[in-house]
Amino acid sequence: MAERIDGKAAAADLRGRIAEETRVLKEKTGVTPGLAVILVGDDPASRVYVQNKKRGCEEVGFYSRSFHLPADTGMEALLDLIRTLNGDEAIHGILVQLPLPAHLDEKTVTEAIAPEKDVDAFTYANVGRIVSGDFDLVPCTPAGIMALLSIYGVSPDGKHAVVVGRSNIVGKPMALLLLHQNATVTICHSHTKNLKEICREADILVAAVGKPRFITRDMVKEGAVVIDVGINRTETGLVGDVDYEGVEPLASKITPVPGGVGPMTITMLLQNTLTAAKRAAEREKP
Ligand code: NDP
């Protein structure tokens, strides 16, 4: 039977540490980490995410501001707000909640964020730094997974890690972080042939597909560490990309959905904001 990787407990523990570091930073430098979250439109899921981010900031003692703009907000107005926040010394992290309404170009909007305040690490500057291995702001979901692996004593060094999914938000940065920790990495996607055989070779299997219970028992090697990124809303509730009941008896460690990767994502956003605030405090030193 697999050990259950408890993301909720790990996130609570990490938030405690972030709160303590925040207290020390304030005391030593007078700097309070500040996060600005911009939401355009009324997508219900996005509203929940923004609310959770705001709550997370309060929990660790950050300053936070949220901007809820109407769905018909124009590009210039949005870019103006981002430029203002880029120049606001009380704000160390800027996050634009995606997806944006169709008339707004996500890449142009993301690129407007100053790289040192890009706490989602989506700008080309930060993506480039992640590729080269010289980074301190990390995409939140992959960063949360790396933290979970470390907490649960799973070293990627020399392991075969298979990442199913190649999105810019999850799959690609996940593969790079595993590579930087010396895993041998295979990235799979919808054109991959022999997916089952490749997955069966994985010591660490990361599923970021967006399809309910896509990874089944016959795709998992005995003793594998299985990380389920998927969040799929079905008639029977929230389910991951892994068939948990089928896979769990085979795996050595496995993340549940919910309560696995999900709780770590916002925690890593808080971690990135703290990192950005520390860098700003260093720059301000006389
Ligand atoms: P995307 O839809 O952007 O990417 C899905 C990836 O899965 C694509 O690369 C796609 O391949 C691949 N894929 C689709 N079908 C197959 C298939 N049959 N065989 C192999 N690969 C396939 O999703 P995201 O990366 O944004 O998210 C993935 C999942 O993670 C979603 O359920 C999402 O809700 C969840 N998520 C969870 C987060 C958390 O905090 N826990 C945060 C972010 C996402 P191709 O590129 O060829 O199309």
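In each ligand, atom 1 is the first atom listed, and ligand 1 is the first ligand listed. Positions are given from 1 along the sequence.
- Remark: minimum distance from atom 31 (C) of ligand 1 to any protein heavy atom is reached at Gly210 CA, 3.6 Å.
- Under the 3.5 Å distance criterion, with hydrogens and angles disregarded, no donor-acceptor pair is assigned to the side chains of Thr275 and Asp136.
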Ile227 and Met174: side-chain contact (heavy atoms from CB on, under 4.5 Å), yes or no, with the steps? CA-CA 11 Å; Ile227 304 291; Met174 183 75 248; over 6 Å; no
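- Close approach of ligand 1 to Gly165 (heavy-atom distance below 4.0 Å) involves ligand atoms 6 (C), 7 (O), 9 (O).
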Could you go step by step and tell me if Arg17 and Asp13 meet the salt bridge (Lys or Arg N to Asp or Glu O under 4.0 Å) rule? CA-CA 7 Å; Arg17 269 188 261 170; Asp13 189 44; 3.0 Å; yes
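- Not a single heavy atom of Cys188 sits less than 4.0 Å from an atom of ligand 1.
- The shortest heavy-atom contact between Ala11 and Thr267 is CB-OG1, 3.5 Å.
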Can you list the steps and then say if Ile215 with Val220 is a side-chain contact (heavy atoms from CB on, under 4.5 Å)? CA-CA 8 Å; Ile215 301 290; Val220 177; 3.8 Å; yes
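- Gly171 does not count as a contact of ligand 1, since none of its heavy atoms falls under 4.0 Å from the ligand.
- Summarising the contacts of atom 47 (O) of ligand 1 with Gly240, Ser190, Ala208, the nearest heavy atom is found in Ser190.
- Listed by atom number, the atoms of ligand 1 under 4.0 Å from Thr265 heavy atoms are 39 (C), 40 (O).
- Residue-level proximity to ligand 1 for Val209 is carried by backbone and side chain together, each with a heavy atom below 4.0 angstrom.
- When only non-hydrogen protein atoms are considered, atom 17 (C) of ligand 1 lies nearest to Phe214 CZ, 3.6 Å.
- Of the protein's heavy atoms, Val229 O, 3.7 Å lies nearest to atom 36 (N) of ligand 1.
- There is no side-chain donor-acceptor pair under 3.5 Å between Asn232 and Thr234.
- Using a 4.0 Å cut-off between heavy atoms, Asn232 contacts ligand 1 through its side chain alone, with no backbone atom that close.
- Taking 4.0 Å as the cut-off between side-chain N and carboxylate O, Arg217 and Asp243 do not count as a salt-bridged pair.
- Cation-pi check for Lys107 over Phe122 is not met; the charged atom does not lie both under 6.0 angstrom from the ring centroid and within 45 degrees of its normal.
- The heavy-atom pair separating Asp6 from Tyr152 by the smallest distance is N-OH, 2.9 Å.
- Heavy atoms of Ile169 come nearer than 4.0 angstrom to ligand 1 in no pair at all.
- Considering backbone and side-chain N/O atoms, Ile231 comes within less than 3.5 Å of an N/O atom of ligand 1.
- The protein non-hydrogen atom at the shortest distance from atom 9 (O) of ligand 1 is Arg166 N, 2.8 Å.
- Note: an N/O pair closer than 3.5 Å links Ser167 and ligand 1 by distance alone.
- Only the side chain of Lys211 comes within 4.0 Å of ligand 1, judged by heavy-atom distances.
- Compare Met174, Lys172, His189 by their heavy atoms: the one nearest to atom 21 (N) of ligand 1 is in His189.
- For ligand 1 and Val170, the ligand atoms under 4.0 Å from any heavy atom of the residue are 25 (O), 43 (C), 44 (C).
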Pair Leu149-Ile151, side-chain contact (heavy atoms from CB on, under 4.5 Å): steps then yes or no: CA-CA 6 Å; Leu149 291 177; Ile151 290 164; over 6 Å; no
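- Using a 4.0 Å cut-off between charged side-chain N and carboxylate O, Glu197 and Arg200 make no salt bridge.
- For the atom pair Ile266 CD1 and Cys140 SG, the distance stands at 9.0 Å (nearest 0.5 Å).
- Residue-ligand proximity, Gly262 to ligand 1, at heavy-atom distances under 4.0 Å covers atoms 41 (N).
- Thr141 counts as a contact of ligand 1, since one of its heavy atoms falls under 4.0 Å from the ligand.
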